[in-house]
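The block underneath contains the structure these notes are about, expressed in structure tokens.
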Amino acid sequence: MNVELWMWLAVCAGIIVMLLVDLFAHRKAHEISLREAALWSAFWVATGVGFGVLIWNSFGEEYGQQYFAGFVIEKSLAIDNVFIWALIFAAFSVPRKYQHRVLFLGVLGALIFRGIFIALGSVILENFAWVLYLFAAFLIYTGIHMLIKRNEHSDPTQGRFYKWFSARVPSVKKFYGQRLFVRIGGTLFATPLLLVLVLVEFTDIIFAVDSIPAIFAVTSESFLVFTANAFALLGLRAMYFLLADLMHRFIYLKVGLALVLVWVGIKMGLHDVVKVPSGLSLTVILTILVAAIVASLIVSRNKEVIHAEPAHKQEFPEATEAEIAELKPLWRRSVRM
């Protein structure tokens, strides 16, 4: 696949423009309605699919199928990410009107980190082809582990990383609008939103450890790996507001994701023995995920499903307008006369 430099630059420029449009559209803190989330979700999915059609027409059926396989994998694994975000927001009682800003910054960071991971992965695979077998074994192990632990949920407030970070960063116990930092009495403090953002970013890095090898299992083209990741990530915020309240109904989703990871792991491990066509791989992935989602919705329709809640929930009040007005300039200390 011959991808010229201008194509990379055009894609990166397009992503930046779309991020700026999204930021402008949500510049004011407000609760995202179901209708708004549905419209944005449809827009982002259409954008990702449209880019895949462009790849198909420009580079041929094989690369088009590889892109869509990667896009579907990343999009489906992202649904599991949405569930973790819901637990984090619930654990810190983040008002719904502030959640979009956290997710916007989280996705921006995720794009940067995943770009770095993809570049490293491409270099490693190009110079050490045997690493493919390690990726394959890791994916199979991860899929089996996910299947066994599918009903277990971690508590965001009890993780070692959160305890380490919160112990070292001075923070206030109130939300000051959408601010991540505030200066009070000459001292810079983090707000609870910064702690939440750090956790969101940290969990995405953990998820990338699974998702990056998974997409390399369906395509070795770094351009397809990056664009499939990027277009799947861009729609995550809207997907969260659309699905967060329905996540308890996807009771078989982790089973489906686990089977997908095992499948792509086997495909990667046997790439020198059996060449699985990209079309067949895409069909298997879609079949597994659609079956898992449909079965989940059917079984949970007439069944009482328990919502997963964090065991340790922290309550943070919102600062009053008077308290916000009294804040010192963030990056400029007052000068004593």
Side-chain angles (χ1 to χ4, degrees), residues 1-4 7-8 11 44-80 114-115 117-126 128-140 142-143 207-235 253 256-294:
M1 184 178 184
N2 183 25
V3 180
E4 297 182 15
M7 297 180 185
W8 280 98
V11 167
W44 291 121
V45 170
T47 302
V49 172
F51 186 81
V53 172
L54 181 63
I55 292 292
W56 195 303
N57 292 332
S58 301
F59 296 98
E61 178 182 351
E62 175 65 21
Y63 290 122
Q65 291 174 345
Q66 290 180 18
Y67 168 84
F68 279 114
F71 180 74
V72 170
I73 288 175
E74 294 303 315
K75 205 70 172 176
S76 58
L77 288 173
I79 297 178
D80 202 27
R114 293 201 182 197
F117 293 158
I118 290 168
L120 291 175
S122 298
V123 172
I124 291 172
L125 291 177
E126 185 176 345
F128 306 99
W130 54 267
V131 174
L132 274 175
Y133 296 107
L134 294 182
F135 279 2
F138 176 74
L139 288 172
I140 295 172
T142 302
F207 272 89
V209 174
D210 298 339
S211 66
I212 298 301
I215 194 170
F216 271 116
V218 296
T219 179
S220 59
E221 298 292 339
S222 56
F223 184 74
L224 299 182
V225 174
F226 175 74
T227 52
N229 258 278
F231 286 109
L233 286 173
L234 285 172
L253 177 62
L257 294 177
L259 293 178
V260 167
L261 290 179
V262 171
W263 161 252
V264 296
I266 293 174
K267 176 181 178 295
M268 178 179 277
L270 297 178
H271 73 282
D272 283 335
V273 180
V274 180
K275 178 64 175 178
V276 179
S278 298
L280 175 60
S281 181
L282 176 59
T283 301
V284 171
I285 293 169
L286 284 173
T287 301
I288 292 174
L289 293 174
V290 170
I293 292 173
V294 171

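- Here the closest non-hydrogen pair linking Ser211 and Glu74 is O-OE2, 3.0 Å.
- Within the 4.5 Å cutoff, side-chain heavy atoms of Trp263 are placed close to those of Val276.
- Considering all non-hydrogen atoms of both residues, Arg114 and Leu233 come closest at CD-CD1, 3.7 Å.
- Under the 30°/60° scheme for interplanar angles, the aromatic rings of Trp130 and Phe128 are found to stand perpendicular.
- No side-chain heavy atom of Phe59 sits less than 4.5 Å from a side-chain heavy atom of Asn2.
- A 4.5 Å side-chain heavy-atom check between Ile215 and Ile118 finds every atom pair outside the cut-off.
- Interatomic distance, Ile73 CD1 to Phe68 CZ, rounded to the nearest 0.5 Å: 14.0 Å.
- Contact annotation: the side chain of Val218 approaches that of Ile285 to within less than 4.5 Å [non-hydrogen atoms, C-beta and beyond].
- Checking each of Tyr63, Trp8, Tyr67 against Phe223 for a ring-ring contact (aromatic ring centres under 6.0 Å, His included) leaves exactly one that passes, namely Trp8.
- Within 6.0 Å of the CD atom in Glu62, the count of heavy atoms belonging to other residues, nucleotides or ligands exceeds 12.
- With hydrogens and angles disregarded, no donor-acceptor distance shorter than 3.5 Å links the side chain of Ser58 to the backbone of Ile55.
- Proximity of Leu257 to Leu289: side-chain heavy atoms (C-beta onward) are separated by under 4.5 Å at one or more points.
- The shortest heavy-atom contact between Ile288 and Leu259 is CG2-CB, 3.9 Å.
- Side-chain polar atoms of Ser278 and Gln65 form no donor-acceptor pair below 3.5 angstrom.
- Pairing each heavy atom of Met268 with each of Ala136, the nearest pair is SD-N, 3.5 Å.
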